[in-house]
Amino acid sequence: MADENTNEVVAPVEGVEAAPTEGRGPGRGRGNRGGGDRNRGDRGGRGRRDDRRGNRDEEQGEELIEKLVHINRVSKTVKGGKRFGFAALVVVGDGKGRAGFGHGKAREVPEAISKATAAAKKAMVRVPLKEGRTLHHDGLGHFGAGKVTVRSAPAGTGIIAGGPMRAVFESLGVADVVTKSNGTSNPYNMIRATFAALGEQTSPKSVAQRRGKKVADLLRRGGASDEVAQADAEAIAE
């Protein structure tokens, strides 16, 4: 009797659907999990788009001129001894009138340089250039105990600057300039004073727009003739 009952329970009955097999909860749950994986795949696609944007930023970063100005070893006294690190000062520019500087600290030199480079890229400023090679006018910069003087120069003069200031003008794209540094020789103060002087640079075009006049009118006031002023006005480009 026990064998017959067992056979009746195990054997499928005609006309009756196997409800437990088709209506399993775990099977449906697995299907939902598959949908969740698809959503995760979509999220992964978004990440790939972000990666493409990151690659574009890296490609743009490769076009910049990076100058390592100074590396300083720093130490921190803690319980049990000292921890040594490195501080880097980097100047970055595109060679077309944009430049910036940054400072970074890390336990290793390459990491400190990468931090300083990233900070410099975020702090880039635009400086108007005359004929794309020199400054429009003279300028003075002051920061802390550092004082710098920058002057425009004729073609063929070159970059007459030393130390950190040369790195700034090379990354900026200036080909002819005369500079002088007075006071401290601290590279941090010299860089900040140089950018303070460059921040005061203006072009005749911007001054004319601000005053509501023409560039030729401003150049004519400097003593130039009408023909020379008109020719210089047409040649001016930021």
Side-chain angles (χ1 to χ4, degrees), residues 64-77 82-106 109-204 206-207 210 222 238:
L64 299 178
I65 302 173
E66 300 177 3
K67 297 286 185 179
L68 178 61
V69 178
H70 184 70
I71 293 181
N72 185 30
R73 194 183 76 168
V74 297
S75 64
K76 179 181 180 181
T77 303
K82 293 183 178 181
R83 292 183 179 178
F84 293 96
F86 297 90
L89 178 63
V90 176
V91 176
V92 174
D94 61 354
K96 300 177 182 179
R98 293 179 66 242
F101 72 97
H103 174 243
K105 290 182 179 180
V109 175
E111 186 177 356
I113 294 175
S114 63
K115 287 183 178 180
T117 303
K121 291 179 181 179
K122 294 180 180 179
M124 293 182 68
V125 296
R126 180 169 295 279
V127 179
L129 300 180
K130 181 180 179 182
E131 300 177 358
R133 61 170 185 81
T134 187
L135 304 177
H136 282 283
H137 56 83
D138 302 348
L140 299 175
H142 179 266
F143 186 88
K147 299 179 181 179
V148 299
T149 304
V150 295
R151 302 185 64 181
S152 59
T157 302
I159 300 177
I160 301 180
M165 297 180 68
R166 172 175 288 273
V168 173
F169 290 108
E170 287 180 353
S171 60
L172 189 62
V174 176
D176 304 299
V177 67
V178 178
T179 66
K180 178 63 179 178
S181 175
N182 298 319
T184 182
S185 60
N186 187 334
Y188 293 90
N189 289 348
M190 291 179 65
I191 290 290
R192 289 185 172 92
T194 303
F195 274 92
L198 295 176
E200 298 178 355
Q201 289 289 317
T202 57
S203 64
S206 62
V207 175
R210 185 169 63 250
E238 294 187 4

*Do Leu129 and Leu135 have side-chain heavy atoms sitting under 4.5 Å apart?*
yes
*Side chain to side chain, Lys121 and Glu66, heavy atoms closer than 4.5 Å*: yes
*Heavy-atom pair with the smallest gap, counting every atom of Ala123 and Phe101*: CB-O, 4.1 Å
*Kindly give the heavy-atom pair with the smallest separation between Val148 and Ala193, and that separation in Å.*
CG2-O, 3.5 Å
*For Thr179 and Val177, work out which heavy atoms get closest and say how close.*
CG2-CG2, 4.0 Å
_Shortest non-hydrogen separation from Ile113 to Ile71 and the atoms involved_ = CD1-CD1, 4.3 Å
*How many angstroms lie between CZ in Arg126 and CG in Leu198, if you round to the nearest 0.5 Å?*
13.5 Å
*Measure across Thr134 and Ala153 and return the closest heavy-atom pair with its distance rounded to 0.1 Å.*
OG1-N, 3.3 Å
_Any side-chain heavy-atom pair of Val168 and Val69 under 4.5 Å_ = no
*Pairs in or reaching into residues 141-191: which pass ring pair (Phe, Tyr, Trp, His ring centres under 6.0 Å), with residues at least two apart or in two chains?*
His103-Tyr188
*With a 4.5 Å limit on heavy-atom distance, are the side chains of Gln201 and His136 in contact?*
yes
*Gap between atom CE of Met190 and atom CE of Met165 - 0.5 Å precision*: 6.0 Å
*Does the side chain of Ile191 reach to within under 4.5 Å of the side chain of His70, using non-hydrogen atoms?*
no
_For Arg83, give me all partners under salt bridge (charged side-chain N to carboxylate O under 4.0 Å, His left out), at least two apart in sequence or on another chain._
none
*With no hydrogens and no angle check, is any side-chain donor or acceptor of Asn72 less than 3.5 Å from a backbone partner on Ala87?*
no
*Do Arg166 side-chain atoms and Ile159 backbone N/O form a donor-acceptor pair below 3.5 Å?*
yes
*With no hydrogens and no angle check, is any side-chain donor or acceptor of Asp94 less than 3.5 Å from a backbone partner on Leu64?*
no
*Working to the nearest 0.5 Å, report the span between CG of Leu89 and CZ of Arg192.*
8.0 Å
*CZ/Arg98: more than 12 non-hydrogen atoms of other groups inside 6.0 Å*: yes
_Least distance between heavy atoms, Lys180 atom then Asn182 atom_ = CE-OD1, 3.6 Å
*With the side chain counted from C-beta on, respond yes when Glu111 and Phe86 share a heavy-atom pair under 4.5 Å apart, and no when they do not.*
no
*Would you check if Glu170 and Ile65 make a side-chain contact, meaning some heavy-atom pair closer than 4.5 Å?*
no
*Any donor-acceptor pair under 3.5 Å linking the side chain of Ser152 with the backbone of Asp138?*
no
*Under a 4.5 Å cut-off applied to non-hydrogen side-chain atoms, are His137 and Thr202 in contact?*
yes
